[in-house]
Amino acid sequence: MSVNKGKVITDFDVNLLLKRGVAEILIEDEMVELLRSGKKLRLKEGFDPSSPDIHLGHMVALKKLRQFQELGHQVILIVGDWTAQIGDPSGISVTRPMLSQEQVQANAETYMKQFFKIVDKSRAEVRWQSEWYGNFTLSNVIQLTSKFTVAQMLAREDFSNRYNAGQPITITELLYPLLQAYDSVAVRADVEFGGTDQKFNLLVGRELQSTAGQNPQQVFLVPILTGTDGTMKMSKSLGNYIGVTELPNEIYGKAMSIPDSLILEYFELLTDYSEKELEVFRQEIKDETTNPMILKKRLARDIVSQLYDQTAANEAEENFAKLVQNREIPDEIPEYHISISELTTKKDGKDSINISKLLVLTKLVKSRSEASRLIAQDAVSINGENISGNIALVKSGSIIRVGKRRFAKIVNSDNLK
RNA sequence: GGAGGGGUGCCGGAGUGGUUAAUCGGAGCAGUCUGUAAAAUUGCCGCCCGGAAGGGCUACGCAGGUUCGAAUCCUGCCCCCUCCA
């Protein structure tokens, strides 16, 4: 097979590619035609390194890209080092803080590693916006902006909502879709991938490509993954996300904590379980013949093994069973070396330790005020025994537990001095 | 440039001189329950000192001022929104 060609594809491929985990394709007929043409397609997806973590929400589209790669197509990842400075206004109701060059640079570095947990590096091309925007002049900007009208921009729902609600929209934000669109021109994209909230931006790309004499790209929209809270979209800023570089135990645990209502959505968008299998799951949930927890465990295991491997997944599952389901103490507890004598006071002739100070030192809590509250709420235990006051006996080797999941093992550093 | 409206804790949003660390809702944390789900329910939800009792500090855009006392009144400044130009 020629390197310039994508694989000849079957109906099965088309169905998998264009149906599973896909929200909308514009223009679908053209997309199918492109795939059948055998042309090696240039698939673009842009990322704003506005925060340093890629999470499962991003994984939906990345998995799609991966599928296309397996059919021989070329992925072009755009590092949005310029647009990140603006902050994507899509679906956001307020202006985002602008980031510094340095910040963006640092985030972008860590992004790379994360991309290639899912995307095949050998069939991907990484392009930085600064490649073309670095030399952009004001006259380029004027030329670019002259092609679009305010009315066009206000056609976008989140802009018009904000406008109507009397919330500020900065001019740089209006620039965002244009910059993203120009990326498509710069890399001559055949298809651009994004979440459904990206629809407007991707469509602007089509228009701009047309005016530049290129074939307008196909717009490939994947669903927005719901976050672990079960209501809002997964996003870093909402804190309801599972990062792809988190540790296996964390990923597993967070996956287990999603509401039941999300199980099928996650299976569909994040795993390769076949449609048939999904149908079985759906039925089982509906008929209540299977405890949703069992299905969730399968889901959690699958996600971990995709991001790590089978072994890690099994370990995470064991860990979960022990730690969470049986409320045991984990095998490995972070140790803290502290000087017990410095924290010790005499009370009733016995040596005792100020627990709230200890909790702050071990970083188990943020402040002494918080520590006092948690103690009062029976959330703190030492070697399995709840403590009732701020004073208790702690020895070298004592295990402190705060809430369900926070642990620390105390190691006395006195005799090391 | 002119007129009007507004800036309150993570978010939304009350409060217009006095137990106000600031009603209420959401988010979050913790307890009970449990499948680390949901629902329910209880409590917490600025920081510091103190074993505790208790005490102190900081906070309602920023900076001053009036007052025994201000998120609340006054002055200046900054920012946002709407309408007019």
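Order of the sequence lines fixes the chain letters, A, B, ..., with proteins taken first and strands second; residue numbering starts at 1 for each chain. From a predicted model like this one, the values you see are computed outputs, not experimental measurements.
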Q. Taking the C1' atom of each, how far is B:rC74 from B:rG17, in whole Å?
A. 13 Å

**Q.** Range-with-range stems for RNA chain B, at least three Watson-Crick or G-U pairs under 3.5 Å
**A.** B:1-7 with B:78-84, B:10-12 with B:24-26, B:28-32 with B:40-44, B:46-49 with B:54-57, B:61-65 with B:73-77

Q.
Considering every strand and a 4.0 Å limit on heavy-atom distances, what is the contact class for A:Lys357: base, sugar-phosphate, or nothing?
A. sugar-phosphate

Q) Rounded to the nearest 0.5 Å, how far does CG of A:Leu62 lie from CD of A:Gln67? A) 11.5 Å

Q. How far does the P atom of B:rU66 sit from the matching atom of B:rU16, given to the nearest Å?
A. 25 Å

Q) Of all of residues 257-270 of chain A, which get a heavy atom below 4.0 angstrom from RNA chain B, listed by number? A) A:Ser257, A:Ile258, A:Pro259, A:Asp260

**Q.** Results of side-chain hydrogen bond (donor to acceptor under 3.5 Å, both in side chains) for A:Trp132 - residues two or more places apart only
**A.** A:Asp183

**Q.** C1' spacing across the pair B:rA30 / B:rC80, given as an integer number of angstrom
**A.** 38 Å

Q: Using the C1' atom as the reference point in each nucleotide, state the distance between B:rA39 and B:rC78 in Å, no decimals.
A: 48 Å

Q: Report the residue (A:Glu250 or A:Leu374) whose heavy-atom-nearest nucleotide on RNA chain B is the more 5′ of the two.
A: A:Leu374

Q.
Please determine whether a side-chain nitrogen of the Lys or Arg among A:Asp190 and A:Lys44 lies less than 4.0 Å from a carboxylate oxygen of the Asp or Glu.
A. no

(Q) Is the ring pair A:Phe267/A:Tyr273 parallel, tilted or perpendicular, if the boundaries are 30 and 60 degrees? (A) perpendicular

Q) Charged N to carboxylate O below 4.0 Å: is that the case for A:Arg282 and A:Glu279? A) yes

Q) Counting only distance, no hydrogens or angles, is the base of B:rG31 paired donor-acceptor with the side chain of A:Gln377 under 3.5 Å? A) no

Q. Taking only side-chain nitrogens and oxygens of A:Arg406, does any of them come within less than 4.0 Å of OP1 or OP2 of B:rC29?
A. no

Q | Side-chain donor or acceptor of A:Gln152 paired with backbone N/O of A:Thr149 under 3.5 Å | A | yes

Q: Using salt bridge (Lys or Arg N to Asp or Glu O under 4.0 Å) as the criterion, list what pairs up with A:Arg368, not counting sequence neighbours.
A: none

Q.
Rounding to an integer number of Å, can you tell me how far A:Tyr252 OH sits from B:rG35 C1'?
A. 11 Å

Q. Among B:rC47, B:rG51, B:rC29, which nucleotide sits nearest the side chain of A:Arg373?
A. B:rC47

Q. Which residues satisfy the side-chain contact (heavy atoms from CB on, under 4.5 Å) test with A:Leu18, sequence neighbours excluded?
A. A:Val14, A:Ile25, A:Met31, A:Val32, A:Leu35, A:Phe68, A:Phe220

Q: Taking only the side-chain heavy atoms of A:Ile391 (C-beta and beyond), determine which of B:rG51, B:rG35, B:rU34 contains the nearest atom.
A: B:rG51

Q: Mind checking A:Gly253 for me? I need base, sugar-phosphate or nothing, with any heavy atom below 4.0 Å counting as a touch.
A: base

Q) Is the shortest side-chain N to carboxylate O distance from A:Glu250 to A:Arg405 below 4.0 Å? A) yes

**Q.** Interatomic distance, A:Ile387 CD1 vs B:rA52 P [rounded to whole Å]
**A.** 11 Å

(Q) I'd like to know if A:Glu268 pairs up with A:Arg20 as an ion pair, taking the criterion as any Lys NZ or Arg NE/NH1/NH2 lying under 4.0 Å from an Asp or Glu carboxylate oxygen. (A) no

(Q) Taking only the C1' atom of each, what is the distance from B:rA22 to B:rA70 in whole angstrom? (A) 13 Å

(Q) Does anything in residues 311-322 of chain A come within less than 4.0 Å of RNA chain B? Heavy atoms only, and list the residues if so. (A) A:Phe320

Q) Any Lys/Arg nitrogen of A:Arg127 or A:Glu125 sitting under 4.0 Å from an Asp/Glu carboxylate oxygen of the other? A) yes

Q. Hey, does the side chain of A:Arg368 come within less than 4.0 Å of B:rG50's phosphate (OP1/OP2), counting only N and O?
A. yes

Q) With sugar-phosphate meaning primed atoms plus P, OP1 and OP2, does A:Lys254 contact a base, only sugar-phosphate, or nothing at under 4.0 Å between heavy atoms? A) nothing

Q) How close or far is atom C1' of B:rG51 from atom CD1 of A:Ile375, stated in whole angstroms? A) 11 Å

Q: May I ask you to evaluate whether A:Ser367 reaches the phosphate of B:rC47, defined as a side-chain N or O under 4.0 Å from OP1 or OP2?
A: yes

Q: For A:Glu370, report the nucleic acid contact type (base, sugar-phosphate, nothing); a contact means any heavy atom under 4.0 Å.
A: nothing

(Q) Between C1' on B:rC48 and CG on A:Asn390, what's the gap in Å once rounded to a whole number? (A) 14 Å

Q: Grab the CD1-P distance between A:Ile285 and B:rA37 for me, whole Å please.
A: 16 Å

Q.
If I take atom CG in residue A:Asp378 and atom P in nucleotide B:rU41, what distance separates them, rounded to the nearest angstrom?
A. 21 Å

Q: Can you tell me, in whole Å, how much space there is between the C1' of B:rA14 and that of B:rG69?
A: 22 Å

Q) B:rG51 and B:rA38: how far apart are their P atoms, nearest whole angstrom? A) 38 Å

Q) Under 6.0 Å from the six-membered ring centre of A:Tyr241 and within 45° of its axis: does the NZ or CZ of A:Lys254 meet both? A) yes

Q: Could you tell me whether A:Arg156 and A:Glu173 have a side-chain N and a carboxylate O separated by less than 4.0 Å?
A: no

Q | Rounded P spacing from B:rA63 to B:rG15 in Å | A | 25 Å

Q: Provide, to the nearest angstrom, the distance between the NZ atom belonging to A:Lys404 and the C1' atom belonging to B:rU34.
A: 9 Å

(Q) Classify A:Asn354 by what it touches in the nucleic acid, base, sugar-phosphate, or nothing, heavy-atom distance under 4.0 Å. (A) sugar-phosphate

Q: Cation-pi check, A:Lys117 to A:Tyr308: give yes when NZ or CZ is under 6.0 Å from the six-membered ring centre and within 45° of the ring axis, no otherwise.
A: yes

Q: Give the nucleotide from the list B:rA37, B:rU36, B:rC47 with an atom nearest to the side chain of A:Gln325.
A: B:rU36

Q: Let me know the distance between CD1 of A:Ile355 and P of B:rA52, rounded to the nearest Å.
A: 11 Å

